**Student:** 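Sharing a structure below in structure tokens format, with a few things to ask.
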Amino acid sequence: MQNAKPGSLKLLLATLVLGAAAVAEPSAARAADPAWTLAAEYTADVTGVVSGGVQSGSRYLDNLSVELDGDLDQALGWRGARLHMSGLYNGGGEPNALAGTLQGVDNIEVGAQGARLFEAWIEQDLGGAATLLAGLYDLNSEFYATEASGLLLAPPFGIGSELASTGPNGPAIFPSSSLAARLRIGDMETFYAQAAVVNADARTIGDHGGIDTSLDHGVLGIVELGGGGPLHYAIGVWRYDQHQDDIRDLTPDGEPAKSLARGAYALAEGQVHGAANPDGPQIDVFGRLGVSDGDTTDFEGGWQAGLLVRQVWAGRPDSQLSFGVHQGWLSDKARANLTDAGDAPAHYEEGLELTYADRIGRFTIQPDIQLIRYAGGLKGAEDVVVVGLRVIAPLF
């Protein structure tokens with residue numbers, strides 16, 4: 001991941017807020033014309049290792065998110081167009097340095113703290129249930145995503161590790177996006193097809209070097225077909241157009257050989273309980289499976305599954321409980337590299353997570369516990385127990 005610039009870029013989110021407020025001010029005076037919306041949210045985590053891992057201890061980390069959405073038809077007369085922008089500021093420690101896992105334990109942990117412009121895109125309605133989006137884009141906002149896994153904190157529940165670990169510095173997902181174009185045809189509630197072409201070099205304003213426009217590292221292409229209704233389902237395939245360093249094979253000169261990163265995934269989620277009684281608990285389940293080449297990353301695939309219970313208690317409509325299991329399958333080459341280093345490799349790294357969230361006043365409080373087996377892909381690794389507390393505060 002690219003390093004975020006220190007110093008003056010801490011003003012990035014403030015600039016976004018002030019600029020958005022300036023744009024939004026005229027429409028605020030016209031209650032009948034809500035063309036612009038502005039929102040900000042602060043998330044603070046305390047995450048610690050209480051057993052196993054590299055060492056016991058805890059880390060504080062946070063995420064400030066500011067989002068601006070605009071209806072360009074109402075604001076500028078640009079028919080069928082909308083704007084979305086978001087900025088991030090991430091600070092604090094790195095709890096996975098204590099846990100020693102391959103896939104991470106906290107989905108707001110970043111490798112380089114600082115402010116970034118995360119998304120900035122325009123989506124155009126093309127008519128006939130087709131839309132075209134272009135700009136700085138978060139791939140996981142629309143591809144390889146399940147809503148029912150959204151409460152869980154472990155990163156694999158956001159996007160499968162076999163895709164998350166690809167690219168020169170990761171694909172265009174949190175916290176660094178890249179320039180992309182996405183075409184969607186159809187209705188997400190019935191049947192849709194969507195495809196995106198994404199710059200393989202994921203970096204944005206706030207990362208070292210800023211936004212890449214050279215395409216020197218090529219692009220990531222991804223296609224997803226899916227449908228909605230009581231059960232949402234999707235299948236997808238992805239592929240980079242340029243070869244990347246192989247994690248094991250070498251050329252005759254001793255340089256890393258080049259291999260093609262590619263893969264596929266399938267997912268499904270839906271409500272299994274509560275539809276007949278909207279005032280009681282609502283239970284959704286999800287399952288995802290992904291595979292990849294296993295030549296350019298440590299993973300040849302993996303899966304995630306779990307459930308989300310909404311409105312756990314009748315008197316607390318914001319209460320939620322979620323449980324999930326994930327496995328990241330180590331590739332043969334990754335296991336061979338561990339063997340060469342003198343370690344006994346496992347076939348996978350596995351995590352189990354239980355979390356509960358509820359709103360108290362303006363704050364959402366979320367305790368969390370995770371158990372990670374075969375941490376680091378090591379057969380003899382002690383089970384790692386991670387506990388955490390997340391607090392979310394909407395700012396405006």
Side-chain angles (χ1 to χ4, degrees), residues 1 43-63 90-113 140 149-166 169-170 173-176 247 290 297-299 301-306 322-331 334-335 337-338 341-357 366-392:
M1 187 60 62
T43 301
D45 289 358
V46 177
T47 302
V49 174
V50 297
S51 177
V54 178
Q55 67 178 80
S56 298
S58 62
R59 295 290 185 268
Y60 176 88
L61 60 162
D62 58 8
N63 177 71
N90 296 97
E94 300 177 16
N96 196 48
L98 304 176
T101 77
L102 294 174
Q103 302 177 86
V105 296
D106 193 307
N107 56 13
I108 65 168
E109 179 178 343
V110 298
Q113 291 72 31
N140 194 217
S149 63
L151 190 66
L152 296 163
L153 304 191
F157 293 116
I159 189 169
S161 300
E162 79 285 349
L163 177 52
S165 57
T166 62
N169 52 348
I173 58 175
F174 176 90
S176 296
I247 63 171
T297 77
D298 288 336
F299 301 100
W303 61 270
Q304 308 87 38
S322 189
F323 174 75
V325 182
H326 65 81
Q327 278 189 358
W329 303 331
L330 270 67
S331 68
R335 298 180 72 246
N337 288 342
L338 288 172
D343 296 313
H347 288 279
Y348 55 83
E349 181 182 78
E350 178 180 75
L352 295 85
E353 180 176 355
L354 178 66
T355 191
Y356 175 83
Q366 182 178 349
D368 183 87
I369 184 167
Q370 298 179 49
L371 172 68
I372 297 94
R373 301 177 65 232
Y374 308 120
L378 302 178
K379 195 172 186 178
E382 182 181 353
D383 290 351
V384 182
V385 178
V386 177
V387 297
L389 178 65
R390 171 166 289 184
V391 178
I392 302 174

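For the single chain, residues carry numbers from 1 onward in sequence order. In this text the structure is predicted, and so the values were computed from the model without any measurement.
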**Student:** Excluding sequence neighbours, so at least two apart, what forms side chain to side chain donor-acceptor pair (under 3.5 Å) with E349?
**Tutor:** Q103

**Student:** Set out, in order, the CA-CA distance, both residues' side-chain angles and the distance that settles side-chain contact (heavy atoms from CB on, under 4.5 Å) for F323 and L352, then state yes or no.
**Tutor:** CA-CA 8 Å; F323 174 75; L352 295 85; 4.1 Å; yes

**Student:** Rounded at 0.5 Å granularity, tell me how far CG in D368 sits from OG1 in T355.
**Tutor:** 4.0 Å

**Student:** With sequence neighbours excluded, give me every salt bridge (Lys or Arg N to Asp or Glu O under 4.0 Å) pair touching residues 150-162.
**Tutor:** none

**Student:** Sequence neighbours excluded, which residues qualify as salt bridge (charged side-chain N to carboxylate O under 4.0 Å, His left out) partners of E350?
**Tutor:** R373

**Student:** Which heavy atom of S58 sits nearest a heavy atom of L98, and at what distance?
**Tutor:** N-CD1, 3.7 Å

**Student:** Out of curiosity, L330 CG to S161 OG, how far, rounded to the nearest 0.5 Å?
**Tutor:** 10.0 Å

**Student:** With sequence neighbours excluded, tell me which residues meet side chain to side chain contact (heavy atoms under 4.5 Å, CB included) with A305.
**Tutor:** W303

**Student:** State the CG-CG distance between L163 and N140, to the nearest 0.5 angstrom.
**Tutor:** 8.5 Å

**Student:** Quick one: are V386 and V49 in side-chain contact, heavy atoms under 4.5 Å?
**Tutor:** yes

**Student:** With rounding to the nearest 0.5 angstrom, report the CG to CG distance, L371 to D383.
**Tutor:** 5.0 Å

**Student:** Please check this pair: side chain of N96 against backbone of T101, looking for a donor-acceptor N/O pair closer than 3.5 Å.
**Tutor:** yes

**Student:** Side chain to side chain donor-acceptor pair (under 3.5 Å) with N90: which residues, sequence neighbours excluded?
**Tutor:** N63

**Student:** Please step through side-chain contact (heavy atoms from CB on, under 4.5 Å) for the pair L153 and Q366, ending with a clear verdict.
**Tutor:** CA-CA 10 Å; L153 304 191; Q366 182 178 349; 3.6 Å; yes

**Student:** Run the side chain to side chain donor-acceptor pair (under 3.5 Å) test against D62 and tell me which residues pass, sequence neighbours left out.
**Tutor:** Y42

**Student:** Identify the two heavy atoms, one from L338 and one from G377, that lie closest to each other, and give their separation to 0.1 Å.
**Tutor:** CD1-O, 3.5 Å

**Student:** What is the minimum heavy-atom distance between G52 and V384, and which atoms define it?
**Tutor:** C-CG2, 4.2 Å

**Student:** Donor-acceptor pair, distance only, cut-off 3.5 Å: does the side chain of T43 make one with the backbone of V391?
**Tutor:** no

**Student:** Considering non-hydrogen atoms only, spot the tightest contact between A375 and A381 and give its length.
**Tutor:** O-CB, 3.6 Å

**Student:** Search all heavy atoms of A44 against all heavy atoms of Y60 and return the closest pair with its distance.
**Tutor:** CB-OH, 3.4 Å

**Student:** Can you confirm whether R335 sits close enough to H347 that some side-chain heavy atom of one is under 4.5 Å from a side-chain heavy atom of the other?
**Tutor:** yes

**Student:** Output all residues satisfying side chain to side chain contact (heavy atoms under 4.5 Å, CB included) with D298, sequence neighbours left out; order by chain, then residue number.
**Tutor:** L102, I247, A334

**Student:** Restricting to side chain to side chain contact (heavy atoms under 4.5 Å, CB included), what partner residues turn up for V50, sequence neighbours left out?
**Tutor:** V385, V387

**Student:** Among all residues two or more places apart in sequence or in another chain, which pass the side chain to side chain donor-acceptor pair (under 3.5 Å) test with Y348?
**Tutor:** none

**Student:** Sequence neighbours left out, what passes salt bridge (charged side-chain N to carboxylate O under 4.0 Å, His left out) with R390? Give chain and number order.
**Tutor:** D45, D106

**Student:** Among residues at least two apart in sequence or on other chains, which ones pass side chain to side chain contact (heavy atoms under 4.5 Å, CB included) with A154?
**Tutor:** P156, F157, H326, E353, Q370

